[in-house]
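The structure that follows is given in the form of structure tokens.
Below, all heavy atoms of this structure are taken into account, side chains as well, without hydrogens, waters or symmetry copies. Reminder, nothing fancy here: chain letters follow the sequence lines and each chain counts from 1.
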Amino acid sequence: MTDIVEALRTALEEIAAELHREGELERPLPVGENDFVIPRERQRGDLATPVLLKAPSRRPRPELAVLFGERLRARALPFLQSISVAGGGYLNFLLTPSALADNLRQCLNNPDQLVPPAETRLKVRVEFVSANPTGPLTIAHGRQAAFGEALARILSACGHEVKREYYLNDEGRQIDLLGESLRVRVLNLLGDARPLPEDGYQGEYLVDLARGLVAERGESLKLETGEFFRDRASSEILQEIRSDLASFGVIFDSYRSQKEITARGEVGETLERLKKAGLVYESEGALFLKTMPYGDDKDRVLVKSDGSYTYLAPDLAYHRLKYAEGDQLMVNLWGPDHFGYITRLQAGLAGLGCDPQKLKIIIVQLTTLYRDGEKVKMSTRQGEFLPLSLLTRELGADVTKFFFLSRKASSHLDFDLEQAKKNSAENPVFYLQYASARIASLFRHQEEKMPGADLSETGDLLERLGEPEERELMLRLGQYGSAVAMAGRNLEPQLLLAYLMNLVKIFHQYYQRCQIIGIDPDLSRARLLLVRGLEKVLKQGLHLLNIRAPERM
RNA sequence: GCGCCUGUAGCUCAACGGGACAGAGCACCUGCCUUCUAAGCAGGUGGUUGGGCGUUCGAGUCGCCCCAGGCGCGCCA
């Protein structure tokens with residue numbers, strides 16, 4: 001299919017060049033891959049291009065289109081059944097049965113080569129979730145996890161070398177507070193009635209953790225240091241997080257510890273470099289980074305007057321490391337609360353000589369939760385939050401992931417928990433999965449009715465597929481590769497999901513109207529081959545989205 | 001106040017470097033299981049794409065101005 005578009009593209013450009021030489025066109029006409037679409041009104045053809053509408057010519061467009069049509073016809077391109085002109089200058093193309101069958105052959109014979117490799121294979125690092133190990137994963141993290149994982153898989157399918165990374169914020173004020181909160185909970189259990197620190201973590205999960213500790217260690221805990229509680233709390237919580245992620249189908253290649261980066265002296269080194277570059281200055285006992293030249297409202301503090309780092313300093317060090325390790329594309333998924341941070345991070349990186357173009361920061365908007373129409377506020381510190389596990393337990397991981405993946409990152413989402421539960425049986429994810437189950441069922445049926453049938457694609461068997469849905473399926477199967485490529489290029493997994501929904505819709509229609517396994521054995525074999533090709537694409541696509549493709553439902 | 005995101009059917013959202021008549025799911029109405037899974041299919045109701053001006057052969061998409069919601073603008077992370 002991509003080759004068909006490429007051949008058409010070149011042919012049109014060549015004809016335009018001819019017409020330019022002949023004086024019909026004022027300039028040559030550049031034609032891009034994106035100038036071709038599958039017409040919404042399918043009776044018009046299989047492919048269409050409006051590109052002639054912007055041709056630099058004094059001729060009326062329809063006339064020009066006819067001229068192009070004639071020259072194109074004269075070239076007798078083997079995949080074209082017919083060419084027509086409509087809509088005031090559109091060129092519409094009908095593909096031959098064998099051209100369509102070629103799409104299917106690709107899926108059957110080279111299912112691993114459907115996605116065109118990116119022009120350059122990049123070292124990509126996708127950093128996401130990166131939740132502080134101070135509490136369970138929330139719905140917001142879940143959205144990032146679903147999005148980031150799908151993105152990583154898609155980029156990888158596009159031929160990039162992808163690493164998933166979790167930046168672990170395991171030092172600083174919040175971790176101190178967490179440790180102190182755990183200590184108080186423990187002491188409470190041991191009979192000391194002191195209150196939690198101000199701004200401490202009030203979540204019930206710390207009480208559970210404290211109980212476990214007391215059961216294990218008893219009175220001896222009274223002598224433990226702050227460091228003990230900090231480490232204990234954060235590592236226990238991280239274990240929970242990892243296990244939640246794993247059951248969500250998300251496994252990180254690395255957890256990068258901020259504490260370790262600091263300990264290795266990377267932060268100091270980074271600050272030194274910024275100093276050398278003349279980008280910092282001292283004021284009121286604090287060290288400031290000059291971010292205003294990069295469009296920031298004010299310069300930002302790197303080192304507080306008490307000598308401790310702000311978040312910015314280690315984060316700059318972390319990103320400098322990524323550049324040093326040779327990343328060619330870094331995709332960061334951040335919550336909207338970190339938005340204001342983009343400018344200062346990029347300012348610092350530019351100062352360090354790192355190309356900011358390599359860093360793509362995607363702000364993943366929040367999901368507002370409702371319970372029976374009432375808004376639920378989330379705050380980890382106050383102990384009031386809705387953990388991701390609640391959603392996955394009540395709705396299932398696939399439903400949850402689908403919900404997140406069907407929307408682009410910039411959409412603010414509304415999620416009514418009760419509504420979602422009520423509707424979960426009607427969830428559109430089942431539309432996809434049901435197709436998968438139906439396909440599996442077809443092959444089980446085939447084993448019964450036509451055991452051992454030869455399902456190799458030979459001769460002109462596929463040419464027998466002439467029903468509208470069959471043509472349509474073969475046409476759309478040819479688009480899978482570019483759907484994945486597009487999702488990867490734009491960093492938008494929902495584009496792939498939308499493609500799969502459309503593909504599966506045609507299958508459901510087909511299944512309803514045509515009997516796959518019928519009286520005519522050759523026709524049955526041809527149809528089964530079509531279904532087999534579809535199965536390969538559907539499975540692959542669902543895998544990229546990290547959604548299961550069940551064999552039964 | 002400044003910056004960013006969002007505004008599309010009753011609800012939740014799509015629409016791929018502008019393209020032909022803006023699409024799905026849910027909800028609602030009418031049909032379809034003695035053919036392979038009815039978690040499906042066919043048909044119907046439902047839209048001035050928040051409002052206005054502009055660019056273009058063509059605007060949901062690009063530009064400017066309003067309106068509304070969200071989030072930022074800490075020596076918090």
Closer than 4.0 angstrom, basic N to acidic O: yes or no for A:Lys275 and A:Glu282? no
For A:Ser411 and B:G7, is the shortest distance between a side-chain N/O and OP1 or OP2 below 4.0 Å? no
Would you mind reporting whether A:Pro30 and A:Glu13 have side-chain heavy atoms less than 4.5 Å apart?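 With C-beta onward as the side chain, the pair touches.
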Which part of the nucleic acid, if any, lies within contact of A:Glu469, taking any heavy atom under 4.0 Å across all strands shown: a base, the sugar-phosphate backbone alone, or nothing? nothing
Given atom CD of A:Gln365 and atom C1' of B:G72, what is their separation to the nearest angstrom? 10 Å
Should A:Gln509 be listed as having a side-chain N or O under 4.0 Å from OP1 or OP2 of B:A42? yes
Whole-angstrom distance between B:C36 and B:G50, as gauged at atom C1': 49 Å
Considering only the C1' atoms, how many Å lie between B:A27 and B:A9, rounded to the nearest integer? 11 Å
Closest to side chain of A:Ala86, choosing from B:U37, B:C36, B:A20: B:A20
Output the rounded distance in Å from CG (A:Asp296) to C1' (B:G72). 11 Å
Tell me which nucleotide, if any, is Watson-Crick or G-U wobble paired with B:C73 when both distances must be under 3.5 Å. B:G1
Find the distance A:Met486:CE to B:C16:C1' and express it as a whole number of Å.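 Taking atom C1' of B:C16 as the reference, CE of A:Met486 is at 3 Å.
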Take A:Asp35 and A:Arg344, find for each the nucleotide of RNA chain B with the closest heavy atom, and name the residue whose nucleotide sits nearer the 5' end.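 It is A:Asp35, whose closest nucleotide lies nearer the 5' terminus.
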Looking only at atom P, what distance separates B:C64 and B:G3, rounded to whole Å? 11 Å
Can you tell which of B:A14, B:G40, B:C16 lies closest to the side chain of A:Gln512? B:G40
What distance, rounded to whole Å, do you find between the two P atoms, one in B:A24 and one in B:C16? 16 Å
More than 12 heavy atoms from other groups under 6.0 Å of CD on A:Glu119: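 Open.
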Work out how far the P atom of B:A22 is from that of B:U45, and round it to whole angstrom.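 14 Å, rounded to whole Å.
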Can you check the distance between B:U61 and B:G1, where both ends of the measurement are the C1' atom (answer in whole Å)?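 Taking atom C1' in both B:U61 and B:G1, they lie 30 Å apart.
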Distance below 4.0 Å between A:Arg40 side-chain N/O and B:G23 OP1 or OP2: yes
Applying a 3.5 Å limit to both distances, which nucleotide forms a Watson-Crick or G-U wobble pair with B:G58?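 Partner of B:G58: none.
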Using a heavy-atom cut-off of 4.0 Å across all strands, would you classify A:Ile363 as base, sugar-phosphate, or nothing? nothing
Tell me what A:Ser406 touches on the nucleic acid: a base, only sugar-phosphate, or nothing, going by heavy atoms under 4.0 Å. sugar-phosphate
Just compare B:C36, B:A20, B:C13 and give me whichever is closest to any side-chain atom of A:Asn92.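 Nearest to the side-chain atoms of A:Asn92, counting from C-beta on, is B:A20.
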Considering only B:A77, B:A20, B:U12, which nucleotide approaches the side chain of A:Asp337 most closely? B:A77
Identify which nucleotide among B:A15, B:A77, B:A38 has an atom closest to any side-chain atom of A:Tyr341, counting heavy atoms from C-beta outward.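 Comparing B:A15, B:A77, B:A38 against the side chain of A:Tyr341, the answer is B:A77.
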What integer number of Å spans the C1' atoms of B:A59 and B:U12? 25 Å
Rounded to the nearest angstrom, tell me the gap between atom CG in A:Leu53 and atom P in B:A20.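 Atom-to-atom, A:Leu53 to B:A20, this comes out as 11 Å.
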Selection from B:U37, B:C75, B:C16 that lies nearest to any side-chain heavy atom of A:Glu284: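 The nucleotide sitting nearest to the side chain is B:C75.
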Could you check if the base of B:C33 is syn or anti? Syn means the glycosidic torsion is within 90 degrees of 0.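 Judged by the O4'-C1' to base torsion, B:C33 sits in syn, the angle falling within 90° of 0.
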Give A:Ala483 one of three labels, base, sugar-phosphate or nothing, depending on what nucleic acid heavy atoms sit under 4.0 Å from its own.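 No contact.
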Can you tell me if A:Gln494 touches the phosphate of B:A15, counting only side-chain N or O atoms and a distance under 4.0 Å to OP1 or OP2?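 Yes, A:Gln494 has a side-chain N/O under 4.0 Å of OP1/OP2 on B:A15.
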With a non-hydrogen cut-off below 4.0 angstrom, is A:Asn502 in contact with a base, only sugar-phosphate, or nothing?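 Nothing, no heavy atom under 4.0 Å.
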Of B:A38, B:C4, B:A24, the nucleotide closest to the side chain of A:Phe339 is B:C4
Would you say NZ of A:Lys304 has more than 12 non-hydrogen atoms from neighbouring residues, nucleotides or ligands within 6.0 angstrom? yes
Roughly how many Å is it from NZ in A:Lys505 to C1' in B:A42, rounded to a whole number?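 The distance from NZ of A:Lys505 to C1' of B:A42 comes to 10 Å, rounded to the nearest Å.
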Salt-bridge test for A:Arg513 and A:Glu467: reply yes if a basic N is under 4.0 Å from a carboxylate O, no otherwise.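 Yes, charged N to carboxylate O under 4.0 Å.
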To the nearest Å, give me how far apart CG (A:Asn169) and P (B:C76) are.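 Between P of B:C76 and CG of A:Asn169: 14 Å.
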Between B:U37 and A:Tyr431, is there an OP1 or OP2 to side-chain N/O distance shorter than 4.0 Å?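 For B:U37, OP1/OP2 do not have a side-chain N/O of A:Tyr431 under 4.0 Å.
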Charged N to carboxylate O under 4.0 angstrom, A:Arg548 versus A:Asp398?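 So A:Arg548 pairs with A:Asp398 through a salt bridge.
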How long is the span from the CZ atom in A:Arg300 to the OH atom in A:Tyr311, to the nearest 0.5 Å?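 Nearest 0.5 Å value for the CZ-OH distance: 15.5 Å.
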Between B:C41 and B:U49, how far apart are the two P atoms, rounded to whole Å? 29 Å
Pick base, sugar-phosphate or nothing for A:Val37, based on heavy-atom distances below 4.0 Å to the nucleic acid.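 It contacts base atoms.
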With a 4.0 Å cut-off on heavy atoms, is A:Arg61 in touch with a base, just the backbone sugar-phosphate, or nothing at all?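 Answer is nothing: A:Arg61 stays at 4.0 Å or more from every strand.
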Are A:Lys408 and B:U12 close enough that a side-chain N or O sits under 4.0 Å from OP1 or OP2? no
Compare the minimum distances between each of B:C36, B:C75, B:A77 and the side chain of A:Asn132, then state the nucleotide with the smallest one.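 The closest nucleotide is B:A77.
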Find the distance A:Leu496:CG to B:C16:C1' and express it as a whole number of Å. 12 Å
Nearest 0.5 Å, please: how far is CD in A:Gln258 from CG in A:Leu168?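 Here the interatomic distance stands at 8.5 Å.
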CD of A:Glu33: more than 12 outside heavy atoms within 6.0 angstrom?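 Atom CD in A:Glu33 is not crowded, with 12 or fewer foreign heavy atoms closer than 6.0 Å.
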side-chain N/O A:Lys304 vs B:C76 OP1/OP2, d < 4.0 Å: yes
Hey, does A:Ser410 reach any base, or is it just sugar-phosphate, or nothing, if we go heavy atoms under 4.0 Å?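 Sugar-phosphate: the residue A:Ser410, judged by heavy atoms under 4.0 Å, touches backbone atoms but no base.
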How many Å lie between OH on A:Tyr434 and P on B:C36, as a whole number?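 One finds 11 Å between P of B:C36 and OH of A:Tyr434, rounded.
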Hey, does A:Arg44 reach any base, or is it just sugar-phosphate, or nothing, if we go heavy atoms under 4.0 Å?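 Base, at least one base heavy atom under 4.0 Å.
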Among B:U37, B:C57, B:C73, which nucleotide sits nearest the side chain of A:Lys54?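 The listed nucleotide nearest to A:Lys54's side chain is B:C57.
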With the side chain defined as heavy atoms from C-beta on, A:Glu41 is closest, among B:C21, B:G25, B:C57, to B:C21
Mind checking A:Pro50 for me? I need base, sugar-phosphate or nothing, with any heavy atom below 4.0 Å counting as a touch. base
Find the partner of B:G40: check Watson-Crick (N1-N3 plus N6-O4 or O6-N4) and G-U wobble (N1-O2, O6-N3) distances, both under 3.5 Å, and reply none if neither fits. B:C32
Is any side-chain N or O of A:Asp315 under 3.5 Å from a base N or O of B:A77, one able to act as donor and the other as acceptor? no
Do the side-chain N or O atoms of A:Arg438 get closer than 4.0 angstrom to the phosphate oxygens (OP1, OP2) of B:A38?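 Affirmative; the distance criterion is met.
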Is the ring pair A:Tyr434/A:His508 parallel, tilted or perpendicular, if the boundaries are 30 and 60 degrees? parallel
Between A:Asp297 and A:Ala498, just flag the one whose closest nucleotide in RNA chain B comes earlier from the 5' side. A:Ala498
